[in-house]
Structure formats: C-alpha cells, structure tokens
Amino acid sequence: MSKKSKPAKSSRRDNIRNIGICAHIDAGKTTVSERFLFYSGKIHRIGEVHDGAAQMDWMKQEQDRGITITAAATSIQWGNYEYHLIDTPGHVDFTIEVERSLRVIDGAIVVFCAKGGVEPQSETVWHQAEKFKVPRIVFVNKMDRMGADFQAVVTEIKERLGGNPVPLQIPIGAEDTFKGIVDLIEMKALYYSGHEEDTPTEGPVPADLMDEAETLRAALVESAAEQIDELTEKYLEEGDLTVDEIRQGLREGTLKGRIFPVLTGSALKNTAVRLLMDAVYQYLPSPSDLPPITVHNIRTKEDMDLTCDSTGPLAMLAFKVQMDGTRKQVYFRVYSGSVNEGDDIINVRENKKEKISRLFQVHANKKEKLEKAIAGDIFLALGMKSVITGDTLCMGQDQFMLEPIDTYEPVISMAVEPRNMEEKEKLDQAVGRIMEEDPTFRVHDDPETGETLISGMGELHLEVIMDRLVTEYNVNARAGKPQVVFRETFNGKTASEAIFERVVEDEGKEKTIFGSIAIEVTPLPREAGLEVEVDPSVRLKLADKPKILEAAVSGAREAARSSGAKGYQVQDVKVLITNIGLKDGVTTEVGYIVAAQEAFRKAAQKDGCKILEPIMKLEIVSPEANLGDVMGDIGQRRGRIENMEIRGDRRVVHGVVPLRNMFGYATELRSKTKAAAQFTMSFLRYGTVDDI
C-alpha cells in the first residue's frame, strides 16, 4: 500500500524552477543559456560559443571545439523567481549528460533550429523527456538564419515527435528580414533592434500576418480553455478568455504534458529571449507542482510516496560526479527534507556514512557557498567518498531508494599505450577519476596483449578523453586506432555442465570447495539482453539453500560478460540452470560460482557463437547535387538506406550502417560534398550486417 507524507507550504519553493535547456548540436542552446545569464544580471558581458567564450562551456575541450560536452549548472534570479538551470550537450556521444540532467529537472526548454527542425539528437532528447514525464516549452531559434521556416518546425514537432505544439508567437519575417515576433496572447507586435540592451518596440499586428495570427490565436485560446473545466464553460459561453485565463489554461496543459507552448526568436540576435525567460515561470512547474515521487523504503520493503517537503525525511539523488583534481564533487537534487553543512548522511546503496563538509550553489565551474539545501534544490557537495552517479542519500533511520539513473554501454574502444611504468600509474589513476565522472566510460586491460583499452560512446567521446588525459592529468601516452566493441550471441540451443572441486588450506585446516552445475543456453531475439533462470524443479530441490542458488545465477551472469567463444560479452541469450549437484558436508558458494562460469564457457565453445557488432542509425543532410555520391558511399559501407525526405532545399537520407565501416566518415563526407553535407550517427542496436 502506498503511503503519503503531508505536503508542505513554502513560498520560496513555489518560486523555484529547476530547468534544463536541451537540443541537437548547433541549435543554439548554449547561446540561449548565455542570454539567460546576461539578462538576469549573472554576467555583464555576453560570451559567444563561436569565440570559445561562453560561460557555460568552461572546459578547455568545449572552448576548443565550440560544443557543449558536459552538463553545466547555474542559478539565476529572474524577478521573484529562482531558476536552477542546466545547459546540456547536444552531441550524441554525450547523451548520458542529458539523461541524468532530465532525471532531476522539473521542466525543459527544447531548442530547435528554425532551419534544421527536428534533428536526430533533438528527437532523442524529446523521447528522453517523455520517459521522465518532463513538461516542456519549445523555442524555435535562429529565425534569422537562411532557410528558417517556423511553421515547418511546428509541423515536424507534431508529425515526427507526436507532440501537441501550441504557438504563442509567430515570427515577423524570416532570414535577413526577421525583425520581431507577434505575441498571439496579447495580439501585439514586438520589434527588436538586435542589440542586447535594447527593449523591443511595440506595434499593431502587421496586416499581412493578421489572418494567420487570428487563426492561431483562436486555436491557442481553445487549447487553453480545454485544460480547465471552468475555462471551458466560460469559453463556450463567451467565446474568449482573458490574458490571465489563457496563461492559466496553458500552464495547466503544459504541466500535464498535454500541450507544448512554442515561442520563437533568435538568441544570437537577442530577439525575444526575455519572453522565453518569462515563459519559464509562467508555464513550467515549481517543485511544489510536481506529483509525489515514489521511493522504496529499505526498512519496511514497501514503496511509498514523498512530497516536496523540506520538513520531511531527507531523500536526495546524486546525479553527477565531477572531479576537481583529486577531490570528488557531487551534484545532488533534494526531493524531500533538508540538509545542512556538517550533517551526517547515509549512502543507501553502500549503507555507509558520509559527511556533507560543504555545500555550494554552482555557476558553471564557479561556486557560491550555501549553509543549507531544502527540498527542490539542486546543489554541489564536497566530502563524499563512496558516492557514485545514481546513489540515494538519506539521514538517520529513514532510508529510501530513489529510482537509479540509467546508463549506456560503450560501443567503441581504443588502446592507450603509456610511455613507461611511471606513466602507466598516472594513466590508471586518471582513468579511474574519469570513470567516476562518466558512467559511459570504461577501462580494462586486455589479458592477451596487456594493452589498456578505453571504451566510450563514439570517436569524439574518446578523443575528448584522450585530450583530458594529456592536458588535465599530464599523462604521456599514445592512442591507438579506434575499434568497435563487439558482442556475441549463441547460434542455437546448447547444453553444458561442469564440476569444480578443489581442496584448499584455510587457517591450517583442509577445506573442500565444490560445485556442480548443468545449464542450457538458448538464443533470444535481438535486444532481448541476458536472462538467467533456474529450472523450477531445481529451485524446489534447493529451496533450503538459497545462497547456492544465488551463487549459481551470479556465476552464469558473470561468465556472460566475457566468456563468449571469442572472449566478448554475450547477450540475447537465456541461460537455464537445469541441475545443481550437491556433495555431503560441502556448501561453499564460491564452488558454484566457478562451476557456473566454467559450464557457460564450455557451452560457448561448443556453440561457436555469432559475432554481433554495433549497428548505427545514420542521418545525412545533403544538397541534391551530391545525393548520388552520398547514397553510393552508404552502399559501399555495407549500409542500407531506409528512406529519404525533403527538408527545405536539402535532401535528408536516413539509413543504418555498421559502425566499423564509419571511422573517418566525417572527413570523407566533407571531401565528397565540398563540406556541403552534414551527418549525425547514433547507436541503434547490436546485430550482424545481415540484420540491417
């Protein structure tokens, strides 16, 4: 049965907005963030991304490349409202940063390029937000750019994303004639000079836009009226609503995920950004507006609901770890209760005590000291030792487990060769720290070659990590060529068994370690993962020996991680434990772990296994003149074209292709099209070329 804590009253919490800015790469979200900082008075000079001077892109690697790599947090004051803002990356290689940011924010601004429309990563971000039920407002940016088409973007949001976009504004002009917006709620025109300090000039709606504005306003008012019964009644009786009633209805629909208000402008040209900042408090939720969050009570083993109450039991989630030299810094979102500097808290996963030595509010890589954080706050803490991404922290006897943060498996690896043993030690320390920060980064030593292999989400991911190893950690090492991370699966149903028995000396006495396991491995459909089950008759026979059952299952799972016929991780199989043999007087669990591992290895060798490789989803935007070369090249890379579409004056090619054939593709595409085409590639699934 679900239990609920009592809601709290807090005017400050009602004025908090925990928001994220998300988009496809180069849609302009960091430029939007910079304008938020400038107009709120947080900074007094705008830093541009293309100059490497954006405040939120503080890492050297971000400034060098002109892209966002890590999610950066800041807090700003906008009127009576306190915005906790997270600027997220737009490149697919760093999508974990978006995932864990969306896990803790309450609302999002999704930025779309007025020319590019719904691009691959903006589509991924949208679905990530759907997963966490995050209310969104839309900003169609870059209306001054060649090829800008506001209505086309709105249509794509509806058709490709399945959203219900409701324009609150329409642009006045486009491309080099873009000069302002029409506010559909108040039915007035606002003209902008482009200078960051200037206030807009108000005027009547232009005559050539009046019909469109009236049609869209009628749809806007109807959408607002549908959200609240009282507004519906008034609308049916009078045919219109007041400005405040329209905003009330739009807010209700946005919070419930029924509608997505759409605003437009140009962040680079300082057009309509203040209206977007107002829209954050007008339409996106405060922590108090959110439904209770479900947690698992460790003591009672029951699920219960916690409201955003600063007087309730402490429950906060570690959503990001960041290393500052050798010091670990952890970002938290407080869902219930409050925490003070010096408090002793519990890491529920490890059941270990931690002490909050210091609390900070963060602005990119700068910190402002806090004395206390309450429910609804996002803050940075020092002093954490055992905490990793996804951990729940509580206080005293009240221990809960919040839903953890999903991560992603790496698809590409690279050998890193340190110059000598001293550099190897530095490398091991450095990659250990980076792994704490980045859940999608892996490191292991190849047992056959002795090489250190680093694995990540893409070429850019590994390139950035190598750059950090050299510049941040002063590791003198050479990188090998990127290689894909293969997996294996079974060809058919395969049975195997293994007996492990060994006599060892334990504290001067001989001790027998024993295990006997029989298994049957069956292939499953693609993307089914790994299933390990115990035959019901075996489970019944060993009902009084649960630890042996657990050991057998654990051994089989562990073996699947590295025991394919060719040494790769095995997936898309079901392992059924068909028999567990016992020996009188011997009940050591380790014997059954080893026996299960050996049985799995034997089964893999007997079956031979099939290699699976990363299959990527590919989108190429190209001029029509280069279309033949682009399509022919995909075929040569053993890819498949799935469909094509027209986007403005360009052709968009959608396809799938094996990752191993795509190394260096960016350079070749630029060469073939004279830098006129662009592409985006994201992981689709593990499979074979025949599966494409």
Between Glu368 and Lys42, does at least one N-O distance fall below 4.0 Å, as a salt bridge requires? yes
Assess whether a salt bridge exists between Lys188 and Asp183, defined as any Lys/Arg side-chain N lying under 4.0 Å from an Asp/Glu carboxylate O. no
Got a donor-acceptor contact below 3.5 angstrom from the Glu341 side chain to the Leu359 backbone? no
Please determine whether the number of non-hydrogen atoms from other residues, nucleotides or ligands lying under 6.0 Å from atom CG of Leu236 exceeds 12. yes
Please check this pair: side chain of Gln169 against backbone of Thr264, looking for a donor-acceptor N/O pair closer than 3.5 Å. yes
Which residue is it: Glu226, Glu252, Gln227? I am looking for the one with a side-chain hydrogen bond (donor to acceptor under 3.5 Å, both in side chains) to Arg258. Gln227
Please enumerate all residues that pass ring pair (Phe, Tyr, Trp, His ring centres under 6.0 Å) together with Tyr283, with sequence neighbours excluded. none
Would you call Glu123 and Arg160 a salt bridge, using N to O less than 4.0 angstrom? yes
Hey, mind stepping through Trp126 and Val138 against side chain to side chain contact (heavy atoms under 4.5 Å, CB included) and telling me if it holds? CA-CA 11 Å; Trp126 190 271; Val138 170; 4.0 Å; yes
Can you tell me if Asn297 uses its side chain to pair, donor with acceptor, with the backbone of Thr300 under 3.5 Å? yes
Lys158 vs Thr155, test: side chain to side chain contact (heavy atoms under 4.5 Å, CB included). Steps then yes/no. CA-CA 5 Å; Lys158 186 180 297 182; Thr155 301; 5.7 Å; no
Can you check whether Glu99's main-chain N or O pairs, donor with acceptor, with Ser101's side chain at less than 3.5 Å? no
Carefully, step by step, assess Phe260 and Ile137 under the rule side chain to side chain contact (heavy atoms under 4.5 Å, CB included). CA-CA 5 Å; Phe260 304 100; Ile137 57 177; over 6 Å; no
Return the set of residues passing side chain to side chain contact (heavy atoms under 4.5 Å, CB included) with Ser682 (not counting sequence neighbours), or none when no residue passes. Val92, Lys617
For residues Asp149 and Lys115, determine if any side-chain heavy atom of one lies less than 4.5 Å from a side-chain heavy atom of the other. no
Checking the side chain of Asp398 only, and the main-chain atoms of Pro313 only, is there a donor and an acceptor separated by less than 3.5 Å? no
Any side-chain heavy-atom pair of Phe400 and Leu306 under 4.5 Å: yes
Quick one: is the NZ or CZ of Arg333 closer than 6.0 Å to the six-membered ring centre of Tyr331, and within 45° of its axis? no
Electrostatic pair Asp406-Lys131, nearest N-O below 4.0 angstrom: yes
Indicate the atoms forming the closest heavy-atom contact of Ser338 with Leu314, along with that distance. O-CD1, 3.8 Å
Show me the side-chain donor-acceptor pairs of residues 213-221 shorter than 3.5 Å, one per line, residues at least two apart or across chains.
unit_1, atom_1, unit_2, atom_2, d
Thr215, OG1, Asp211, O, 2.9
Arg217, NE, Leu184, O, 3.0
Arg217, NE, Ile185, O, 3.4
Arg217, NH1, Asp240, OD1, 3.4
Arg217, NH2, Ile185, O, 3.1

Looking at His24 and Gln121, would you say the former's side chain and the latter's main chain have a donor-acceptor pair under 3.5 Å? yes
Are side-chain heavy atoms of Leu263 and Val140 found at a separation under 4.5 Å? no
Main-chain N/O of Ala267 paired to Asn141 side chain as donor or acceptor, under 3.5 Å: yes
Is there a donor-acceptor contact under 3.5 Å from the side chain of Thr232 to the main chain of Ala225? yes
Would a distance-only check, ignoring hydrogens and angles, find a side-chain to backbone donor-acceptor pair under 3.5 Å from Arg17 to Leu85? no
Hey, mind stepping through Val652 and Met644 against side chain to side chain contact (heavy atoms under 4.5 Å, CB included) and telling me if it holds? CA-CA 5 Å; Val652 183; Met644 287 188 294; over 6 Å; no
Could you check whether atom CD of Gln282 has more than 12 heavy atoms from other residues, nucleotides or ligands sitting under 6.0 Å from it? yes
Is the closest side-chain heavy-atom distance between Met457 and Tyr408 below 4.5 Å? yes
Minimal non-hydrogen separation, Asp14 against Ser286, with atom names: O-CB, 3.3 Å
Taking the side chain as every heavy atom from C-beta outward, state whether Asp198 and Tyr192 have any atom pair closer than 4.5 Å. no
Contact summary for Ala189 and Ile172, nearest pair of heavy atoms: CB-CD1, 3.8 Å
Note, Gln322 side chain near Lys320 side chain (heavy atom, < 4.5 Å): yes
Thinking salt bridges, do Lys133 and Glu130 make one under a 4.0 Å N-O criterion? no
Keeping Arg103 on the side-chain end and Glu403 on the backbone end, is there a donor-acceptor pair under 3.5 Å? yes
When Leu268 is tested against each of Arg145, Lys142, Arg35 for side chain to side chain contact (heavy atoms under 4.5 Å, CB included), which residue passes? Arg35
Could you check whether any side-chain heavy atom of Pro171 comes within less than 4.5 Å of a side-chain heavy atom of Met143, counting everything from C-beta outward? yes
Quick one: does Leu276's side chain get under 4.5 Å of Phe36's, heavy atoms only? yes
